[in-house]
Number of protein chains: 2
Amino acid sequence: MKSQSEIKQIISAQGLKATLQRIAVYEALMNVPNHPTVEMLMEYIGEKYPSIATGTVYKTLENFAENNLVKKLRTENEAMRYDVFLEKHFHLIDSEKEKLIDYYDSELSNYLENYFKQKNIPNFSINDIKIQIIGKYLE
Amino acid sequence: MKSQSEIKQIISAQGLKATLQRIAVYEALMNVPNHPTVEMLMEYIGEKYPSIATGTVYKTLENFAENNLVKKLRTENEAMRYDVFLEKHFHLIDSEKEKLIDYYDSELSNYLENYFKQKNIPNFSINDIKIQIIGKYLE
DNA sequence: CTGCTTGCAAATGATTTGCAGGAAA
DNA sequence: TTTCCTGCAAATCATTTGCAAGCAG
């Protein structure tokens with residue numbers, strides 16, 4: 001994980017003020033597993049910093065997303081989730097069990113990268129490819 | 001497109017009662033372009049059937065989704081969207097311009113199908129693969 | 001200092017729910 | 001007839017907003 005001062009740097013590097021609240025949100029993002037929702041983050045943050053407001057956490061996360069510190073992701077039925085681990089990966093989703101699991105597959109990542117390097121989609125320039133593999137998580 | 005009686009059959013085939021409301025929703029799904037939201041569907045439906053309630057449309061769409069008559073999809077910032085065209089395809093998304101464009105690519109579909117036929121993901125059985133290609137729509 | 005941030009509480013907007021009455025099969 | 005479906009209106013829940021006060025740079 002990252003130290004407090006590393007987090008400060010990460011935030012400052014984006015031209016954002018490294019406030020207590022932002023550091024707390026970043027910490028929570030790293031420590032709450034499984035692509036937390038705002039609710040999950042608030043639970044974690046509330047233990048250490050009970051005075052940080054929910055609205056602030058929403059604003060902070062929007063802010064982080066705009067500055068590429070987190071990725072937002074959402075499934076069909078749930079609230080928005082946030083992912084602070086930016087290494088390329090995909091997601092396995094079981095809606096029934098409400099599971100959302102990271103799926104790292106560099107072979108597939110590389111294939112797709114090459115595929116779209118060659119195959120040009122008219123009138124569209126690609127920033128990112130999100131893959132959600134929908135199915136059943138077997139106990 | 002499909003006739004009224006074809007729609008009736010499609011709905012009945014899932015064991016659902018072919019009510020006026022459901023037919024109207026299915027019609028709207030076929031005729032409102034670009035993966036409509038409930039709001040867009042209501043606009044279309046309201047012209048012909050002003051008495052159909054919004055709640056009914058929500059329930060109908062949930063119902064259709066459970067019975068594989070539509071797919072639900074949602075992007076980061078928007079309301080739920082519904083897709084009644086079930087042929088395999090992916091989506092190009094430009095969040096800034098709020099564009100969501102169908103992307104048909106059978107080469108990619110086939111590759112992925114074979115890829116996951118061989119590559120077994122432990123503890124997970126795949127039903128569907130959703131790909132969202134995020135980027136900028138030019139022009 | 002000064003402008004970016006925060007806390008708070010109210011507002012919004014999409015979606016869900018409960019229930020009494022209605023209509024397909 | 002009987003079960004499934006609908007309309008309505010209220011409720012819920014995630015998220016956004018406005019604004020006065022606070023704090024990082």
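All values derive from a computational prediction rather than experimental measurement. Letters A, B, ... are given to chains in the order of the sequence lines, protein chains preceding strands, and every chain is numbered from 1.
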Asker: Hey, does the side chain of B:Thr56 reach the backbone of B:Ile52 with a donor-acceptor pair shorter than 3.5 angstrom?
Answerer: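 Such a contact is absent between B:Thr56 side chain and B:Ile52 backbone.
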Asker: If you look at every strand shown and take non-hydrogen atoms under 4.0 Å, does A:Ile52 touch a base, only sugar-phosphate, or nothing?
Answerer: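 It contacts sugar-phosphate atoms only.
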Asker: Within this structure, what is the OH-to-C1' distance between B:Tyr49 and D:dG7, rounded to whole angstrom?
Answerer: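 Whole-Å distance recorded here is 17 Å.
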Asker: In whole Å, what is the span from the CZ atom of B:Arg81 to the C1' atom of C:dT15?
Answerer: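 From B:Arg81 CZ to C:dT15 C1': 17 Å.
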Asker: Treat each ILVMFWY residue as a node, draw an edge where side-chain heavy atoms are under 4.5 Å apart, and state whether A:Ile126 and B:Ile131 are in one component.
Answerer: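 Yes, one cluster joins them.
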Asker: Between A:Asp128 and A:Lys88, is the closest basic N to carboxylate O distance under 4.0 Å?
Answerer: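 Looking at A:Lys88 and A:Asp128, the cut-off is met.
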Asker: Below 3.5 Å between N/O atoms, which protein atoms pair up with nucleotides 17-21 of chain D? Just atom names and distances, please.
Answerer:
residue, atom, partner, partner atom, Å
D:dG18, O6, A:Lys59, NZ, 3.1

Asker: Please report, rounded to the nearest Å, how far the C1' atom of D:dC4 is from the CG atom of B:Leu16.
Answerer: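 After rounding, the gap between these two atoms is 10 Å.
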Asker: Is A:Lys2 salt-bridged to A:Glu27, cutoff N-O under 4.0 Å?
Answerer: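 Answer for the salt bridge query: no.
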Asker: Taking only heavy atoms on the protein side, list every residue of residues 21-31 of chain B lying under 4.0 Å from any atom of DNA chain D, sorted numerically.
Answerer: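 Per residue number, the list reads B:Gln21, B:Arg22.
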Asker: Using distance alone, with no hydrogens and no angle criterion, decide if B:Gln9 and B:Ser12 have a side-chain donor and acceptor under 3.5 Å apart.
Answerer: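 Their side chains do not contain a donor-acceptor pair, so the 3.5 Å distance test is not met.
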Asker: I'd like a list of close polar pairs between nucleotides 1-3 of chain C and the protein, N/O only, cut-off under 3.5 Å.
Answerer:
residue, atom, partner, partner atom, Å
C:dG3, N2, A:Lys17, NZ, 3.2

Asker: Just so I know, are the side chains of B:Ile93 and A:Phe124 near enough to count as touching, which here means a heavy-atom distance under 4.5 Å?
Answerer: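 B:Ile93 vs A:Phe124: side chains apart.
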Asker: Heavy atoms under 4.0 Å, any strand shown: does B:Thr19 hit a base, just sugar-phosphate, or nothing?
Answerer: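 Since only primed, P, OP1 and OP2 atoms lie under 4.0 Å of B:Thr19, the category is sugar-phosphate.
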Asker: Between the side chains of B:Asp83 and B:His89, is a donor N or O closer than 3.5 angstrom to an acceptor N or O?
Answerer: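 Short answer, yes.
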Asker: Check A:Lys71 with B:Glu76, please: is the shortest side-chain N to carboxylate O separation under 4.0 Å?
Answerer: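 No.
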Asker: How would you label the contact of B:Thr54 with the nucleic acid (heavy atoms, under 4.0 Å): base, sugar-phosphate, or nothing?
Answerer: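 No contact.
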Asker: Whole angstroms only, please: what is the NZ-C1' distance between B:Lys8 and C:dA23?
Answerer: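 Whole-Å distance recorded here is 13 Å.
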Asker: Any base atoms under 4.0 Å from B:Ser51, or only sugar-phosphate, or nothing? Heavy atoms, all strands.
Answerer: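 If one applies the 4.0 Å heavy-atom cut-off, B:Ser51 turns out to touch the sugar-phosphate alone, with no base involved.
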Asker: Please give, in whole Å, the distance from C:dA25 C1' to B:Gln9 CD?
Answerer: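 The answer, rounded to whole Å, is 16 Å.
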Asker: Could you verify whether a donor N or O on one side chain and an acceptor N or O on the other, from B:Tyr137 and A:Asn123, lie under 3.5 Å apart?
Answerer: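 A:Asn123 and B:Tyr137 do not have a side-chain donor-acceptor pair below 3.5 Å.
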Asker: List, with names and distances, any nitrogen or oxygen atoms from the protein found under 3.5 Å away from nitrogen or oxygen atoms belonging to nucleotides 10-14 of chain C.
Answerer:
none

Asker: Check ring pair (Phe, Tyr, Trp, His ring centres under 6.0 Å) between B:Tyr115 and all other residues, then give those that pass, not counting sequence neighbours.
Answerer: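 Listed in chain order: B:Tyr111.
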Asker: Output the rounded distance in Å from CD (A:Glu43) to P (D:dA14).
Answerer: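 So the two atoms are 12 Å apart, to the nearest Å.
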Asker: Of the non-hydrogen atoms in A:Met30 and A:Phe85, which two are nearest, and what is the gap between them?
Answerer: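 Looks like O-CZ, 3.8 Å.
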Asker: What is the separation between atom CG on B:Asn63 and atom C1' on D:dT6, rounded to the nearest whole Å?
Answerer: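 After rounding, the gap between these two atoms is 12 Å.
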Asker: If hydrophobic clusters are built from ILVMFWY residues whose side chains come within less than 4.5 Å, do B:Leu73 and B:Leu41 share one?
Answerer: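 Not linked; separate clusters.
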Asker: Under 4.0 Å between a side-chain nitrogen and a carboxylate oxygen: does that hold for A:Glu39 and A:Arg81?
Answerer: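 A:Arg81 and A:Glu39: not salt-bridged.
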Asker: Taking it one step at a time, do A:Phe64 and A:Val84 satisfy side-chain contact (heavy atoms from CB on, under 4.5 Å)?
Answerer: CA-CA 9 Å; A:Phe64 282 0; A:Val84 78; over 6 Å; no
Asker: Say whether, by atom type as modelled, one donor and one acceptor occur between the side chain of B:Asn67 and the main chain of B:Leu69 under 3.5 angstrom.
Answerer: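 Not confirmed, B:Asn67 side chain does not pair with B:Leu69 backbone.
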Asker: Grab the CE-C1' distance between B:Met42 and D:dC8 for me, whole Å please.
Answerer: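 Interatomic distance, CE of B:Met42 to C1' of D:dC8: 12 Å.
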Asker: For the residue pair A:Ile11 and A:Ala18, what are the closest heavy atoms and their distance?
Answerer: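 For A:Ile11 versus A:Ala18, the nearest heavy atoms are CG2-CA, 4.0 Å.
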Asker: With each end axis built from five pairs of C1' atoms, what bend angle do you get for the helix from C:dC1-D:dG25 to C:dA25-D:dT1? Round to 10°.
Answerer: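 Computed angle between terminal axes is 50°.
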Asker: Mind checking the CD1-NZ spacing from A:Ile23 to A:Lys8? Nearest 0.5 Å is all I need.
Answerer: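 Rounded to the nearest 0.5 Å, the CD1-NZ separation comes out at 5.0 Å.
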